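The structure presented is a predicted model; accordingly, all values stated were derived computationally and were not measured. Side-chain atoms are counted along with the backbone in the values below, which use heavy atoms only and exclude waters and symmetry mates.
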Protein chains: 2
Amino acid sequence: MLLSKSCVYGLRASLYLAARNQGEFIPIRTMSDKLEISFHFLTKILQQLTAEGILESFKGPNGGVRLTREGTEIQLIDIVLAIDGSQLLTECALGLPGCGVKNPCPLHDKWAETRDAIHEMLEKTTLTELVQKGKAENLRLTTDGGFDILFDN
Amino acid sequence: MLLSKSCVYGLRASLYLAARNQGEFIPIRTMSDKLEISFHFLTKILQQLTAEGILESFKGPNGGVRLTREGTEIQLIDIVLAIDGSQLLTECALGLPGCGVKNPCPLHDKWAETRDAIHEMLEKTTLTELVQKGKAENLRLTTDGGFDILFDN
DNA sequence: CCTATTTTGGATAAAAGAGTCTCAATAACT
DNA sequence: AGTTATTGAGACTCTTTTATCCAAAATAGG
């Protein structure tokens with residue numbers, strides 16, 4: 001798997017937040033219901049994003065979480081790095097420690113190229129971009145929930 | 001992680017075999033020593049590759065394993081599919097089941113592109129290609145073992 | 001001040017991946 | 001035939017990831 005499950009959940013939740021970004025705090029319970037993710041598990045993941053400064057939270061009634069920046073200012077890579085770390089973008093395809101231009105494995109060059117493609121994709125894609133696309137074409141954010149049904153209430 | 005540890009070990013072992021491909025059977029113990037991989041664990045992995053027809057094995061003294069085809073005829077993708085399956089090349093980046101052209105997630109298009117790049121890299125790279133490169137430049141197949149020191153005995 | 005709502009943080013449990021161990025089966029050599 | 005070298009197969013353990021649960025802290029509203 002490219003991204004851990006935690007990371008995927010973090011991305012989906014971030015897209016959710018970006019999609020209804022009115023500066024309001026959204027309860028995690030609402031998100032976990034809508035996105036069909038275990039509440040407790042999602043809570044843990046969002047705590048990481050909060051710790052990394054991607055989200056901010058507010059306790060108590062009317063509390064919840066929200067993005068600290070505009071969705072246009074948040075790239076997928078920010079969330080991936082916050083949850084999965086930089087392994088994916090630095091690791092050797094053959095698992096050799098310290099593989100790099102200086103002391104490469106035979107696959108290094110080819111893998112570095114591919115890895116850069118992944119990096120670039122994650123770095124150039126913003127939450128807002130995906131939200132706009134998702135809303136325009138009513139794409140899915142859950143097994144059977146399109147953007148339209150996720151935010152009505 | 002892109003590839004599982006099993007898969008990485010399988011790739012390293014396959015490269016080892018391709019590098020000394022004289023049609024001889026190589027004992028797994030030799031490979032596990034040279035490649036610094038747990039013997040029992042490597043055994044399991046190579047059993048998978050044998051079951052998938054990528055290797056053939058021979059029991060008893062002078063036994064071991066060898067590639068069933070020439071290294072020029074074995075692509076990295078063959079080994080990845082045999083060990084990790086096709087998940088990497090089919091799965092949705094947001095983990096949604098059945099994500100595809102028909103019922104996509106907002107990230108589908110971009111991810112499909114990147115995924116194809118990975119696929120292509122794995123599909124176009126043969127064992128022999130990497131072995132030649134590895135031998136020519138004495139690259140690493142283990143933490144500190146170059147191609148030159150791995151095959152002398 | 002009290003209660004309800006919500007995040008925080010830690011403990012625990014279940015599932016998957018990684019790694020180890022043992023014994024059986026096969027084959028070569030003496 | 002017996003001994004040794006090797007793969008095959010299954011059980012088992014350890015670690016990491018995924019998931020669940022519970023009590024504590026914060027906050028709004030009555």
Side-chain angles (χ1 to χ4, degrees), chain A residues 1-13 17 24-68 80 82-85 87-88 91 94-95, chain B residues 1-13 16-17 24-68 80 82-85 87-88 91 94-95 153:
Chain A
M1 218 182 333
L2 190 83
L3 304 174
S4 72
K5 233 163 172 189
S6 295
C7 189
V8 165
Y9 291 162
L11 283 170
R12 300 232 305 267
L17 288 171
E24 43 170 354
F25 287 100
I26 314 257
I28 300 176
R29 175 72 69 181
T30 304
M31 277 191 277
S32 69
D33 286 351
K34 294 281 189 183
L35 295 174
E36 295 167 340
I37 300 171
S38 145
F39 167 70
H40 291 288
F41 194 35
L42 184 58
T43 292
K44 279 254 154 65
I45 297 162
L46 298 190
Q47 275 172 21
Q48 286 184 71
L49 292 180
T50 303
E52 295 287 333
I54 293 172
L55 303 183
E56 55 191 340
S57 66
F58 193 77
K59 287 180 188 170
N62 309 320
V65 297
R66 69 180 176 198
L67 300 172
T68 52
V80 171
I83 297 177
D84 278 353
Q87 282 188 15
L88 177 66
E91 233 178 23
L94 295 184
Chain B
M1 221 181 331
L2 189 82
L3 305 174
S4 72
K5 234 163 174 187
S6 296
C7 190
V8 165
Y9 290 162
L11 284 171
R12 300 232 304 266
Y16 185 95
L17 288 172
E24 45 172 353
F25 287 100
I26 315 260
I28 300 176
R29 175 72 68 181
T30 304
M31 277 191 278
S32 69
D33 286 350
K34 295 280 189 184
L35 296 174
E36 296 169 339
I37 300 171
S38 145
F39 167 69
H40 291 290
F41 193 33
L42 183 58
T43 293
K44 268 214 181 134
I45 296 163
L46 298 189
Q47 275 173 22
Q48 286 184 70
L49 292 180
T50 303
E52 295 286 333
I54 293 172
L55 302 183
E56 54 192 340
S57 66
F58 192 78
K59 287 180 187 170
N62 309 320
V65 297
R66 70 179 175 197
L67 300 172
T68 53
V80 171
I83 297 177
D84 279 352
Q87 282 189 13
L88 178 65
E91 235 179 20
L94 294 184
N153 93 321

Participant: Just wondering, do A:L88 and B:M1 contact through their side chains at under 4.5 Å, heavy atoms?
Facilitator: no
Participant: Nearest whole Å is fine: how far is C:dA27 C1' from B:N62 CG?
Facilitator: 9 Å
Participant: Where does the chain B footprint on DNA chain D start and end, counting 5' to 3' with a 4.0 Å heavy-atom cut-off?
Facilitator: D:dT4 to D:dA11
Participant: Need to verify one output field. Residue with the more 5' nearest nucleotide on DNA chain D, A:S4 or A:P61?
Facilitator: A:S4
Participant: In residues 36-46 of chain B, which ones come under 4.0 Å of DNA chain C, going by heavy atoms?
Facilitator: B:S38, B:H40, B:F41, B:K44
Participant: Got a donor-acceptor contact below 3.5 angstrom from the A:T50 side chain to the A:S57 backbone?
Facilitator: no
Participant: Given 3.5 Å as the limit, does a donor-acceptor pair link the side chain of A:T30 with the main chain of A:I26, or not?
Facilitator: no
Participant: For a 4.5 angstrom cut-off between non-hydrogen side-chain atoms, does B:N62 reach B:F25?
Facilitator: no
Participant: Does B:Y9 place a side-chain N or O at less than 4.0 Å from the phosphate oxygens OP1/OP2 of C:dA18?
Facilitator: no
Participant: For a quick check of understanding: with a heavy-atom distance under 4.0 Å over all strands, which category does A:F25 fall into, base, sugar-phosphate or nothing?
Facilitator: nothing
Participant: Without decimals, in angstroms, what is the distance between A:Q48 CD and C:dT8 P?
Facilitator: 12 Å
Participant: Atom CZ of A:R66 to atom C1' of C:dT7: distance rounded to whole Å?
Facilitator: 15 Å
Participant: Between A:L46 and A:A13, what is the shortest heavy-atom contact and its length?
Facilitator: CD2-CB, 3.9 Å
Participant: From CG of A:L55 over to C1' of C:dT8, roughly how many Å is that when rounded to an integer?
Facilitator: 14 Å
Participant: Output yes when a side-chain donor or acceptor of A:D84 lies under 3.5 Å from a complementary backbone atom of A:S4, and no otherwise.
Facilitator: yes
Participant: Got A:L17 and A:M31 here, is their nearest side-chain heavy-atom distance under 4.5 Å?
Facilitator: yes
Participant: Any pair with a residue in residues 53-68 of chain B that passes salt bridge (Lys or Arg N to Asp or Glu O under 4.0 Å), sequence neighbours left out, goes on the list, sorted by first then second residue, please.
Facilitator: B:E56-B:R66
Participant: In whole angstroms, how far is the C1' atom of C:dA16 from the CG atom of B:D84?
Facilitator: 13 Å
Participant: For B:E36, does the CD atom sit with more than 12 other heavy atoms under 6.0 Å from it, leaving out its own atoms?
Facilitator: yes
